[in-house]
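Just below is one structure, and these are the notes that go with it.
Convention: sequence-line order gives letters A, B, ...; per-chain numbering from 1.
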Amino acid sequence: MLNKSFFDQPVLDVAQEIIGATLLFNGIGGVIVEVEAYDETDPASHSFRGPTPRNRVMFGPPGHAYVYKIYGIHHCLNFVCRPGSAVLIRALEPVQGLAAMRERRGGLSDRQLCSGPGKLAQALGIDLQHDGLGLDTPPFALKAAEVAHPIAAGPRIGITKGAETPWRFVQAGSCYLSRPLPKAQPVL
DNA sequence: AACTGGATCGTCT
DNA sequence: GACGATCCAGTTG
């Protein structure tokens, strides 16, 4: 199980080490296969302009969930690292609670259950009421990866500022990504 | 396969 | 008052 001290590291380290870990929410979830990193030096980050009521959790202690609502419709889940930084969880390979996820998502194929930040929040039943919850206690549970998977990096998705920064990390070759990488770039 | 527009509202300027 | 760290359905090629 990953404890809070795991998240007290540079956000780029956490982003890459979290690939292959298993995320469960009330026992439902799967393997993290796609994330993006954000920090306070980054114009695309919610934390760029300092603390506000919405992003206050990003400036709190590491190891908590930062949940926000986007486009008035979808929810997005982040793992808070050091103050002002967080990892956006963008896609899971579904493993646990397939039936519950299919029901919430409308009976789609398994590849489409959690292949995007809004989709996975819907599949797991995460919304604003879970903003600020600790990641090391129920309803959350995080298990470290048992085997190291090859990781690839690329530009982040859906942003206009900082669009070139290659802070999107994926499990190379996974078919559960929100989108394939534009150009596969192996990392280490 | 690639692009378009609509849904829908909290947040910050 | 404008704009999203999105998703989906529809159209076009």
Minimum-distance nucleotide (side-chain atoms of A:Y66 versus C:dC7, C:dA5, B:dC12): C:dA5

Looking at every strand, decide which applies to A:R156 at a 4.0 Å heavy-atom threshold: base, sugar-phosphate, or nothing. nothing

Provide, to the nearest angstrom, the distance between the CZ atom belonging to A:F48 and the P atom belonging to B:dC12. 15 Å

For A:G118, answer base if it contacts any base atom (sugar-phosphate contacts may also be present), sugar-phosphate if it contacts only those atoms, and nothing otherwise; contact means non-hydrogen atoms under 4.0 Å. sugar-phosphate

Atom NZ of A:K69 to atom C1' of B:dA7: distance rounded to whole Å? 12 Å

Taken to the nearest whole Å, CD1/A:I126 to C1'/C:dT6 is 16 Å

Can A:Y38 be called stacked on C:dA5 when the rule is centres closer than 5.5 Å and an angle between planes below 30°? yes

Could you give the NZ-to-C1' distance, from A:K161 to C:dC3, as a whole number of Å? 9 Å

Whichever of A:Y71 and A:L128 has the more 5' nearest nucleotide on DNA chain B, that residue is A:Y71

Treating Ile, Leu, Val, Met, Phe, Trp and Tyr as nodes and any side-chain heavy-atom pair under 4.5 angstrom as an edge, say whether A:V57 and A:F140 lie in one connected cluster. no

So, for A:P166 and A:A153, which heavy atoms are closest and what is the spacing to 0.1 Å? O-CB, 4.1 Å

Roughly, in whole Å, what's the span from CD1 in A:I73 to C1' in B:dG6? 9 Å

Applying a 4.0 Å non-hydrogen cut-off, can you work out what A:L88 is touching in the nucleic acid: base, sugar-phosphate, or nothing? base

Measuring from the side chain of A:H46 (C-beta onward, heavy atoms only), which nucleotide among C:dC8, C:dA5, C:dG4 has the closest atom? C:dA5

For A:Q122 and for A:T160, locate the closest nucleotide of DNA chain C by heavy-atom distance; then report the residue assigned to the nucleotide nearer the 5' terminus. A:T160

Looking at C:dA5, I'd like to know if its phosphate oxygens (OP1 or OP2) sit under 4.0 Å from a side-chain N or O belonging to A:R168. no

If I take atom CZ in residue A:R54 and atom P in nucleotide B:dC12, what distance separates them, rounded to the nearest angstrom? 5 Å

How long is the gap from NE2 on A:H64 to CG on A:L135, to the nearest 0.5 Å? 7.5 Å

Does a sphere of radius 6.0 Å around CZ in A:R179 hold more than 12 heavy atoms from other residues, nucleotides or ligands, not counting ones at 6.0 Å or beyond? no

Salt bridge A:D42-A:K161, side-chain N to carboxylate O under 4.0 Å: no

Give the nucleotide from the list C:dC8, C:dC7, C:dA5 with an atom nearest to the side chain of A:P117. C:dC7

Can you tell me how far P of B:dT11 sits from NE2 of A:H74, to the nearest Å? 17 Å

Provide, to the nearest angstrom, the distance between the CZ atom belonging to A:R179 and the P atom belonging to C:dT6. 11 Å

Under 3.5 Å on both distances, the Watson-Crick or G-U partner of C:dT11: B:dA2

For B:dT8, the nucleotide meeting Watson-Crick or G-U wobble distances (both under 3.5 Å) is none

